[in-house]
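The basis for the numbers below is simple: all heavy atoms, side chains too, and nothing from hydrogens, waters or symmetry mates. Note that ligands are numbered from 1 as they come in the structure, with each ligand's atoms numbered from 1 the same way.
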Amino acid sequence: EVMRELTGISETERALKATLGIKKVVIVPGDSDESLIVKEELGKACAEVLNGCFEDQQTIAVTGGTTMACTAEMLTAEMGQGKQLLFVPARGGLGEDLKHQANVICATMAEKTNGVHRVLYVPDQVSQEVQQSLLKEPAIMEVVEKIKSADIVVHGIGEAITMANRRATEQNVMKKIIGEKAVGEAFGYYFDEKGEIVHKVPTIGLRISDLFDKSYVIAAAGGKSKAKAIKSYFKSAPESTILITDEGAAKSILKDI
Ligand code: BG6
């Protein structure tokens with residue numbers, strides 16, 4: 001704590017909290033764009049915040065991404081001890097690489113904490129009609145209900161164009177994302193600088209509006225390259241969100257206001 005005051009990190013946390021208008025901000029030193037160690041520290045800080053929220057029998061909805069993958073690695077058996085935690089993916093297929101998919105991250109989180117997990121298999125490129133009928137399948141319906149009633153949501157925030165490229169987004173959608181000047185992305189929703197949603201990846205699971213009645217919402221995202229994304233996302237995100245970020249992102253957000 002003394003170190004954090006001396007290095008000015010606590011001060012930056014207070015400033016960022018005020019700027020974004022949210023409950024709590026945790027900043028790790030460095031910039032995760034530049035170093036994997038910083039990203040691992042971000043994951044560790046996120047795992048510690050999660051640990052502070054864990055209670056017996058809780059359901060945790062998790063998104064995909066490299067930051068969530070780092071978080072999963074930092075969870076421990078001690079954190080889950082005696083708690084029977086259940087991990088579920090926040091949304092269906094978003095076109096990520098296997099190791100960065102929410103299903104896989106949930107499995108790791110469950111393994112690390114001696115908890116359990118459920119998967120949600122929704123193919124990426126299916127029509128709305130097929131999705132609607134999948135939603136009527138009892139096994140899928142059951143997982144979707146667990147997602148909707150999750151106690152904790154933990155998620156990443158991405159830079160819009162980076163995410164659209166990573167997901168091999170269709171040409172016409174890509175044009176829309178660029179044309180509407182999207183800067184941020186979370187849960188498959190793309191946001192412009194004003195925080196308005198400009199595109200939604202059509203899949204099932206958690207919607208942004210579901211975040212507002214959760215006990216805990218934790219967002220983890222760092223790196224200077226995500227400054228605009230983080231800022232735009234928090235224009236419409238719930239105030240109760242706890243943000244775990246790094247100095248690179250924090251300083252850049254505070255600079256351009
Ligand atoms: C995705 C999430 O899997 O990861 C997105 O669905 C999020 O909502 C993204 O923006 C962040 O990824 P990363 O690798 O930058 O942590």
Side-chain angles (χ1 to χ4, degrees), residues 28 31-47 49-50 60-74 87-109 119-120 122 124 147 150 153-169 173 177 182-192 195 197-211 217-238 241 243-246 248-249 252:
V28 299
D31 185 323
S32 49
D33 282 346
E34 283 156 28
S35 145
L36 182 61
I37 296 170
V38 177
K39 192 134 188 191
E40 285 167 355
E41 285 300 315
L42 192 68
K44 194 168 167 206
C46 185
V49 169
L50 264 172
I60 303 101
V62 186
T63 68
T66 57
T67 316
M68 284 303 111
C70 279
T71 302
E73 291 302 325
M74 299 298 175
F87 295 89
V88 291
R91 300 199 79 196
L94 291 175
E96 288 268 34
D97 261 13
L98 186 63
K99 69 173 188 291
H100 298 136
Q101 274 174 21
N103 280 329
V104 173
I105 293 170
C106 280
T108 308
M109 289 187 165
V119 292
L120 185 63
V122 185
D124 285 331
I147 295 168
V153 178
V154 58
H155 68 93
I157 301 169
E159 192 279 315
I161 308 301
T162 307
M163 288 310 299
N165 282 325
R166 203 162 98 184
R167 289 174 171 149
T169 308
V173 175
I177 290 171
V183 295
E185 185 279 346
F187 306 96
Y189 292 75
Y190 289 83
F191 303 86
D192 67 11
I197 296 170
V198 299
H199 176 68
K200 300 177 190 169
V201 178
T203 186
I204 62 179
L206 207 76
R207 287 164 311 190
I208 292 271
S209 56
D210 297 324
L211 295 177
V217 183
I218 303 161
K224 194 167 175 235
S225 62
K226 287 189 182 179
K228 279 207 169 104
I230 295 169
K231 211 171 139 193
S232 76
Y233 173 70
F234 282 107
K235 294 215 162 129
S236 51
T241 309
L243 170 68
I244 326 295
T245 188
D246 60 21
S252 173

For [atom], closest protein heavy-atom neighbour:
atom                    : value
atom 10 (O) of ligand 1 : E185 OE1, 2.4 Å
atom 14 (O) of ligand 1 : T66 OG1, 2.5 Å
atom 9 (C) of ligand 1  : M163 CE, 3.6 Å
atom 12 (O) of ligand 1 : R166 NH2, 3.2 Å
atom 15 (O) of ligand 1 : K226 NZ, 2.6 Å

Does a side-chain heavy-atom distance below 4.5 Å link [X] with [Y]?
X    : Y    : answer
H155 : V217 : yes
V201 : F187 : no
I197 : Y190 : no
I244 : L42  : yes

Exercise for the section: Could you tell me whether some N/O pair between M68 and ligand 1 is separated by less than 3.5 angstrom? Expected result: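 N/O-N/O distance under 3.5 Å: no.
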Exercise for the section: Indicate yes or no: does an N/O atom of R167 lie under 3.5 Å from an N/O atom of ligand 1? Expected result: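 Yes.
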Handout entry: Chi angles and distances behind the side chain to side chain contact (heavy atoms under 4.5 Å, CB included) call for L206, L211
Key = CA-CA 8 Å; L206 207 76; L211 295 177; 3.7 Å; yes
Practice task
Any chance you could lay out the side chain to side chain contact (heavy atoms under 4.5 Å, CB included) test for Y189 and R91, step after step, and finish with the verdict?
Solution key: CA-CA 11 Å; Y189 292 75; R91 300 199 79 196; 3.7 Å; yes
Distance under 4.0 Å to a non-hydrogen atom of [X]: what atoms of ligand 1 satisfy this?
X    : result
E96  : 1 (C), 3 (O), 4 (O)
A186 : 8 (O)
G156 : 7 (C), 8 (O), 10 (O)
G64  : 1 (C), 2 (C), 3 (O), 4 (O)
F187 : 8 (O)

Handout entry: Nearest-0.5 Å distance, SG of residue C106 to CD1 of residue I60
Key =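 That separation rounds to 9.0 Å.
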Problem - Option set T67, I157, T203, criterion heavy-atom distance to atom 11 (C) of ligand 1, minimum - result: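 Looking at heavy atoms only, I157 sits closest to atom 11 (C) of ligand 1.
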Handout entry: Q101 to ligand 1, any heavy atom closer than 4.0 Å
Key =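 Judged by the 4.0 Å heavy-atom criterion, Q101 does not count as contacting ligand 1.
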Exercise for the section: Apply side-chain hydrogen bond (donor to acceptor under 3.5 Å, both in side chains) to D210 and list each qualifying residue two or more places apart in sequence or on a separate chain. Expected result: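 side-chain hydrogen bond (donor to acceptor under 3.5 Å, both in side chains) check on D210 returns K148, R207.
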Problem - Partner set under side-chain hydrogen bond (donor to acceptor under 3.5 Å, both in side chains) for T162, not counting sequence neighbours - result: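 Checked T162 against side-chain hydrogen bond (donor to acceptor under 3.5 Å, both in side chains); matches are E159.
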